[in-house]
Amino acid sequence: MADLLQNAKDAGFDQAEVYRITSQSEPIRFEANRLKEATRRDTSGAALRVIHDGRLGLSATTDPAAEGELPARVKELTPFGAEASFELPGPPGPDDYPQVQIYDEAVEALTFDEMVQTGQKLIDAVRKDWPELNCSASVSRGVHRQSLVNTAGLNVSFPQTSYSVGFGGELVRGDDMLSVWEGFGASRMFTDTDWMIESLVQQLEWARNTADTPTGQVPVIFTPRGVSAALLRPLLGGFNGKSVMTGSSPVGDRLGEKVIDERISIFDDPTIDGAIGSRPFDDEGIPSRRMALIDQGVASNFLYDLQTAGRMNATSTGAAGRGLSTLPVPGTSVLDVAPGDTPYEDLFLGIKEGILVERLLGAGQGNEMGGDFKANVSLGYKIENGKIVGRIKDTMISGNVYDALSKLEAVSDKAEWVYGSLRTPAIRCLGVEVAAAG
Amino acid sequence: MTIRDQMQYALTGHGADFVEIRLEESDSSRIQYRAREIEEIGRTSGRGGSVRAAVKGGWGFVSFNDTDDLKSRVKLAVEQARAVGGEKTSLAETEPQVADVPPVLVNDPASVSLSDKKDRMDHYNDLIWSTPGIQSSTVIYGDNRRRVHYVNSEGAAVDQEFVHVICYIAAVARDGGDVQQAGFSIGSLGDFSLIEGLDDEIRAVGKRAVDLLKAPGIEGGERTVILDPVLAGVFAHEAFGHLSEADHVYESDQLKEIMVLGRQFGQKHLNIVDGGAIPSLRGSMEYDDEGTPTKRTDLIRDGVLVGRLHSRETAAKMGEAPSGNARAISFNHPPIVRMTNTIIEPGDASLEDLLSGVDDGVYVRNWYGGMTEMEMFTFSSGEAYRIRKGRIEEMVRPVKLSGNVFKTLHQIDGIGNDLGMNQGGGCGKAGQSPLPVSNGSPHIRIQNCLVSGA
């Protein structure tokens, strides 16, 4: 294979960078309670990013035979590109990159039969008490390698494994339907999946009855999954350097100010061992670090990549993420929301009528730039006198996350992993409007 | 040897019940503006392939970028299928087709120079900024060409090529912590002129973003709503489209009972169709990704469920005819049942007729998206206006709407005569997103539709 960086140098670009990825992914899928499909995906590609005459250009390909054309394509595009506000980074110092555990040989050593057993065991276990549940599951493992070389002398790469298990089912009783799901992923092997069975059974038990939705402004408990679905994206969108740069962030000029209740602290932390999204450096080679976005309610840091930082007279925070065919942009990696003081069961104390939100439908499809959220509650329950009394249906919630988290009532004292890139406690707050049909 | 010859050679001696090979080449361009200037201009090319095999009802799927040594990929896919299968492979009988389909091209984006494309986008971005009070803008132009080669072990051999053009425009206005946006999203099959002549619409976007800062919100609850054709298209896709995809139903006895042909889902005036054979739209194609000729499938006729969307496997298992709805977004994924072009057929009412029946309601237009889970669905309006005594009045903050397929379709009590298409979106399912689709409808009126507070 031709040396793409050398070709770029020969083409005379002022600065050039080659980002290369190769991945193998092997998911197996269960449908209607049994194994259905086994997949193996091999993907690879290269992207050439250049700065020339002060402008940015990019071209990428997944066709090894077409890599030779990339310098010519980039030459055509770059004169039209954005003004570059940064220089490509040079090689890191000896201790610049943190040690982050994201590669586990045990994932590569996993056998097909072991993966099948893992999935089938989950389905069989939940169907013991719920035989009418129509289950699907997926067990997946993968290896991903990415490398960065540039004309400033950077030459780095790392391998990463991933392993994920998810399962769930559909319960149909006449025109009443329920979909339940549980899952977890990590960049290393895990074998404990019993908790997934318990969680799924709990979701099913609580939904045995249907309850009338209490409408209006009532207390809402967001479970860790509910926090992920409703609150984080509308809140953290304003912490993205691109939003701050364009003046679209509601907190762009409020760095150092208290923006929500002091019981909330949120970190972006790509150094957490074993998480999905952890990495030693970002997709431009900038070292990873744990960083507070919100610290005790105070807006503390925004997420920057090199270009956005350059425009804002700031420094890259190591937040650059990219796909093969797009320029890097800032984004969150692994989110860590600090736990509070209240035991989970005590969140329910004193609620005469309220709701517990687990999952939403349609969140994110709308204008969340100012912190607004609105969605249908696809899995939620009614709380009556401190107890869950049944599932609510045909219900919508709406509110503004800055408002709701300033009307915070309690934060649970244990943070749980939601899938693999978020760890968060449950949160009880006011400021949410609940509407229902019927 | 041609590509087709190589692919057919790789199939020889496969040892499975069924095998198919798909090879693909693609080329995409993208121009993106953020705020006052260009942010990104890029071009990506792609190449890859996949093999899907069935043995005793189990499937193996293998995808790769390196298309050498297809025979060993076939061997691996068959081994995977063999390790999975324990029943019987069921695929509906179809006549293997051999075809070479050129792309639908009305105005080829490849014939327009990069600098012309950029000049036009510069102009549109400037237009947004010509409205006082704008804080930021997003302008995205994209075009993409994809050539697919398909063969299977029954002798089908179909080559197809598709060219898509998309354009997304958004303007942002801000007042302290209140940030509002307005925009639209459009697309076409092979027609660059889609993005010409948008000046008036774009000026309106800038104005709308600023006006939204002063618009009141409304209280959530059940309301009478009138949907414009663009949002009603999204409604059709979310409300009914996904439940008519047979892979949600074919292995569940309970769902088969509920989604039984002959069941009344709406009033007599309701007719919904889906089909890749409806021409010149983003979901149009002559053959689906299993080589089955596409058609126009009646889903609801006179309010009654009369059909559904199938792959060869779901058709066989349900004893129904294949409909040409098996689609794979790229070689990286196996084909699954997907919508193509989904349409609520027009009725007789004018918009004035629909409005005159409304004492207090909401007129909702344009869209951000929609989603479905089982019988629940949501759809999100880009614009909303209060209706009072038959008249469209003040702008309000856009709302999200929620429905239940067993109730909401019956609650449609007015269907307009003005069919319009929404070609600006892509559908997501099983990790295959955004799949080009279109949807359309006339204006429709729905009673007691659940609307979020805004």
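Predicted model only: the values in this text are computed from it and were never measured. Here is how names work: the chains are called A, B, and so on, in the same order as the sequence lines, proteins then strands, and each is numbered from 1. These values consider heavy atoms only, across backbone and side chains, with no hydrogens, waters or symmetry-generated copies.
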Subject >> Which atoms of B:R73 approach chain A - backbone, side chain, both or neither, heavy atom under 4.5 Å >> reply: side chain

Subject >> Lys NZ or Arg CZ of A:R34 over A:F30 ring: under 6.0 Å, within 45° >> reply: no

Subject >> Heavy-atom side-chain proximity of A:R322 to A:V329 below 4.5 angstrom >> reply: no

**OP:** Count the heavy-atom pairs under 4.5 Å between each of A:G370, A:A60, A:A82, A:S249 and chain B, then report the option with the highest count.
**Re:** A:A60

**OP:** Tell me, for B:E25 versus chain A, whether the close heavy atoms (under 4.5 Å) come from the side chain, the backbone, both or neither.
**Re:** neither

**OP:** Examine whether an atom of B:S115 lies under 4.5 Å from a heavy atom of chain A, and if so say whether it belongs to the side chain, the backbone or both; otherwise answer neither.
**Re:** both

Original post:
Under 6.0 Å from the NZ atom of B:K256, do we count more than 12 heavy atoms belonging to anything else shown?
Top reply: yes

**OP:** Report the option among B:R52, B:E39, B:K407, B:R397 that has the most heavy-atom pairs separated by less than 4.5 Å from atoms of chain A.
**Re:** B:E39

Original post:
Between A:K36, A:R254, A:E69, which shows the greatest number of heavy-atom pairs under 4.5 Å with chain B?
Top reply: A:K36

**OP:** State the OG1-CD distance between B:T89 and B:E313, to the nearest 0.5 angstrom.
**Re:** 8.0 Å

Original post:
Given a strict heavy-atom distance threshold of 4.5 Å, which part of A:A437 is in contact with chain B: side chain, backbone, both, or neither?
Top reply: both

**OP:** Could you tell me whether the side chain of B:V225 reaches within less than 4.5 Å of the side chain of B:V451, counting heavy atoms only?
**Re:** yes

Original post:
Non-hydrogen atoms of chain A under 4.5 Å away: do they reach the side chain of B:V62, the backbone, both or neither?
Top reply: both

Original post:
Are B:V234 and B:E238 close enough that some pair of their side-chain heavy atoms sits under 4.5 Å apart?
Top reply: yes

**OP:** With a 4.5 angstrom heavy-atom cut-off, could you sort out which part of B:L76 is near chain A: side chain, backbone, both or neither?
**Re:** side chain

Original post:
Picking from A:L361, A:D63, A:D176, A:D372, which has the most non-hydrogen pairs under 4.5 angstrom with chain B?
Top reply: A:L361

Subject >> Toward chain B, the part of A:L178 with a non-hydrogen atom under 4.5 Å >> reply: backbone

Subject >> Side chain, backbone, both or neither of A:F112 within contact of chain B (heavy atoms, under 4.5 Å) >> reply: side chain

**OP:** Report, as yes or no, whether the 6.0 Å neighbourhood of atom NZ on B:K56 holds more than 12 heavy atoms from other residues, nucleotides or ligands.
**Re:** no

**OP:** Please confirm whether B:F331 and B:F64 have ring centers closer than 6.0 angstrom.
**Re:** no

Subject >> Residue among B:G221, B:P398, B:G217, B:A83 with most heavy-atom pairs under 4.5 Å to chain A >> reply: B:A83

Subject >> Option that, when pairs with chain B are counted at under 4.5 Å, heavy atom only, ranks first among A:G362, A:P250, A:S398, A:A38 >> reply: A:A38

Original post:
What residue, out of A:E368, A:E31, A:M177, has the most heavy-atom pairs lying under 4.5 Å from chain B?
Top reply: A:M177

**OP:** Check whether any side-chain heavy atom of B:D122 lies under 4.5 Å from a side-chain heavy atom of B:Y33, and answer yes or no.
**Re:** yes

Subject >> Side chain to side chain, A:M396 and B:V399, heavy atoms closer than 4.5 Å >> reply: no

Subject >> Portion of A:T395 that has a non-hydrogen atom of chain B nearer than 4.5 angstrom >> reply: backbone

**OP:** Let me know if B:Y250 has heavy atoms under 4.5 Å from chain A in its side chain, its backbone, both or neither.
**Re:** side chain

Original post:
chain B heavy atoms under 4.5 Å from A:R41: which part of the residue, side chain, backbone, both or neither?
Top reply: both

**OP:** Please flag which part of B:D178 lies under 4.5 Å from any non-hydrogen atom of chain A: side chain, backbone, both or neither.
**Re:** neither

Original post:
Side chains of A:V434 and A:T213: does their closest heavy-atom pair fall under 4.5 Å?
Top reply: yes

Original post:
So with a 6.0 Å cut-off around CD of A:Q217, is the heavy-atom count from everything else above 12?
Top reply: yes

Subject >> Top contributor to chain B interface from A:N134, A:L56, A:L327 [non-hydrogen pairs under 4.5 Å] >> reply: A:L327

Original post:
When rounded to the nearest 0.5 angstrom, what distance separates CZ in A:R55 from CD1 in B:I38?
Top reply: 8.5 Å

Subject >> chain A contacts, top residue of B:K118, B:R43, B:E222, B:Q181 (heavy-atom pairs, under 4.5 Å) >> reply: B:R43

**OP:** May I ask you to name which of B:A182, B:A81, B:S380 has the most heavy-atom pairs under 4.5 Å with chain A?
**Re:** B:S380

**OP:** Taking the side chain as every heavy atom from C-beta outward, state whether B:F406 and B:I258 have any atom pair closer than 4.5 Å.
**Re:** yes

Original post:
Relative to chain A, which of B:Q32, B:E40, B:Q80 shows the most heavy atom pairs under 4.5 Å?
Top reply: B:E40

Original post:
What part of B:E37 gets closer than 4.5 Å to chain A, counting heavy atoms only: side chain, backbone, both or neither?
Top reply: side chain

Subject >> Distance (rounded to the nearest 0.5 Å) between A:K393 NZ and A:N376 CG >> reply: 9.5 Å

Subject >> Between B:H333, B:E251, B:Q254, B:M376, the one whose heavy-atom pairs under 4.5 Å with chain A are most numerous >> reply: B:E251

